[in-house]
Amino acid sequence: MHTSLVSAGEHLRLICDGLKCGNIYNMSQYSAARTAIVGATQAVWILAPDDPATRRERGHTVITETYVQLRKYHELTLRQARQLQLSQEAQDRVREQIEWVRSREDAVRALRISKAELNGAAFIESAAPVIFPGDEFRQAGLRRSWNVLSSDAHVLMWSLAMRSTSLSPPDRRSGLSTGVANGQAIGGLAGWFSLAMLSLRRGWSLFDRRCEGR
C-alpha cells in the first residue's frame with residue numbers, strides 16, 4: 001500500500017507541474033487524477049479494516065493481481081519472441097521468470113482465505129465512506145470517478161464530450177455535431193483533484209496509524 005500512496009502523490013504532483021506551467025489539458029490531467037484516486041483508495045481499502053486478517057487478505061489480493069499481470073507480460077514476451085528477435089538463451093530466461101512468478105502466485109494463494117479478485121470499482125466504493133464519512137455527495141463522486149475518468153484513460157471520448165463548452169448545430173446529412181473543449185475547465189479538474197488529495201490524506205493517516213500498531 002506504500003507504493004499505492006506514493007504513486008497517487010506523484011500523479012497529483014504531475015497535475016500540479018502542468019498547471020504551474022500554465023498548461024490545462026482536456027484529457028491527460030484527468031487520467032492522472034484517476035490514477036491518483038485509484039492509488040489512494042486502494043491503500044485506504046487495504047488499511048481501513050480494524051481486523052488484521054482482513055487487511056492482510058486485501059493486501060494479498062493486490063499482490064496476487066500484481067503477479068498475475070507480471071506473468072501475463074512474460075507470457076506475451078514469449079509469444080512475441082520471434083518479432084522481438086529474442087535469442088534462445090533470452091527465451092529460456094523468460095521461461096525461468098514465468099516459473100518463478102507462478103511459484104510466488106502459489107505461495108500467496110496458499111496464505112489467502114478467499115479467491116476474491118481485485119476490483120477497482122468495488123474497492124473505491126468500499127473506501128468512499130472511510131474517506132468521507134457521512135458525506136454521501138463526495139462518496140458518490142468518488143465512485144463516479146471510476147467511470148468518468150476511465151473514459152479519459154481509455155480514450156473513449158464521452159467524458160471529453162461532456163466537457164465541451166460549445167456544440168455546433170447538427171450536420172444535416174450526418175446528424176453529427178462538433179464539440180469544442182477549450183482546455184479551460186479548471187473547475188471540473190479541481191473537483192477530481194480534491195477527491196484524490198483528500199483520499200490520499202486519509203490513506204497516509206491510516207498508514208501512520210497501522211505503523212504505530214493502532
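Since the structure is predicted, the reported quantities are computational estimates derived from the model, not experimental observations. Residue indices begin at 1 and follow the sequence shown.
- Arg102 and Glu99 are joined by a salt bridge, as a carboxylate oxygen and a charged side-chain nitrogen come within less than 4.0 angstrom of each other.
- Judged by distance alone, the side chains of Ser159 and Asp152 do bring a donor and an acceptor atom under 3.5 Å apart.
- A distance-only check finds no donor-acceptor pair linking the side chain of Arg143 to the backbone of Asn147 [under 3.5 Å].
- Distance check, rounded to the nearest 0.5 Å: CG of Leu111 to CG of Asp106 gives 11.0 Å.
- Going from atom OH of Tyr25 over to atom CG of Asn23 covers 3.5 Å, rounded to the nearest 0.5 Å.
- Side chains of Glu57 and Ser114: a donor on one and an acceptor on the other come within 3.5 Å.
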Applying side-chain contact (heavy atoms from CB on, under 4.5 Å), run through Leu70 and Gln97 and close with a yes or a no. CA-CA 10 Å; Leu70 176 59; Gln97 281 296 303; 5.7 Å; no
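- Looking at Ser126, its side chain never comes within 3.5 Å of a backbone N or O of Ala122 through a donor-acceptor pair.
- Between atom CZ of residue Phe207 and atom CD1 of residue Ile46 there is a gap of 11.0 Å, rounded to the nearest 0.5 Å.
- Defined by atom type and a distance below 3.5 Å, a donor-acceptor pair is missing between the side-chain atoms of Gln139 and Asp135.
- Residues Val130 and Leu118 fall within the same hydrophobic cluster, defined by Ile, Leu, Val, Met, Phe, Trp and Tyr side chains chained together at heavy-atom separations under 4.5 Å.
- The main-chain N or O of Leu86 is found under 3.5 Å from a side-chain atom of Gln91 such that the two form a donor-acceptor pair.
- Checked by atom type and distance alone, the side chain of Ser194 never pairs as donor or acceptor with a backbone atom of Ala190 at under 3.5 Å.
- At least one donor-acceptor pair closer than 3.5 Å links the side chain of Arg55 to the backbone N or O of Pro49.
- Under the 3.5 Å distance criterion, the side-chain polar atoms of Ser205 are left unmatched by any main-chain donor or acceptor of Arg201.
- Panel note: side chain Arg210, backbone Leu47; a donor-acceptor pair is recorded below 3.5 Å.
- Heavy-atom neighbours of Arg144 CZ from other residues, nucleotides or ligands within 6.0 Å: at or below the threshold of 12.
- Within a 6.0 Å sphere centred on CD of Glu136, heavy atoms belonging to other residues, nucleotides or ligands number 12 at most.
- Note that OG1 of Thr54 is 10.5 Å distant from CH2 of Trp45, once rounded to the nearest 0.5 Å.
- Judged by distance alone, the side chain of Ser145 and the main-chain N or O of Leu142 form a donor-acceptor pair under 3.5 Å.
- Remark: Glu10 CD to Thr3 OG1 distance equals 10.0 Å, nearest 0.5 Å.
- Atoms CG and CD, on Asn119 and Glu125 in that order, are 9.5 Å from each other to the nearest 0.5 Å.
- Annotation: cation-pi geometry not satisfied between Arg34 and Trp192 (NZ/CZ under 6.0 angstrom from ring centroid, within 45° of ring axis).
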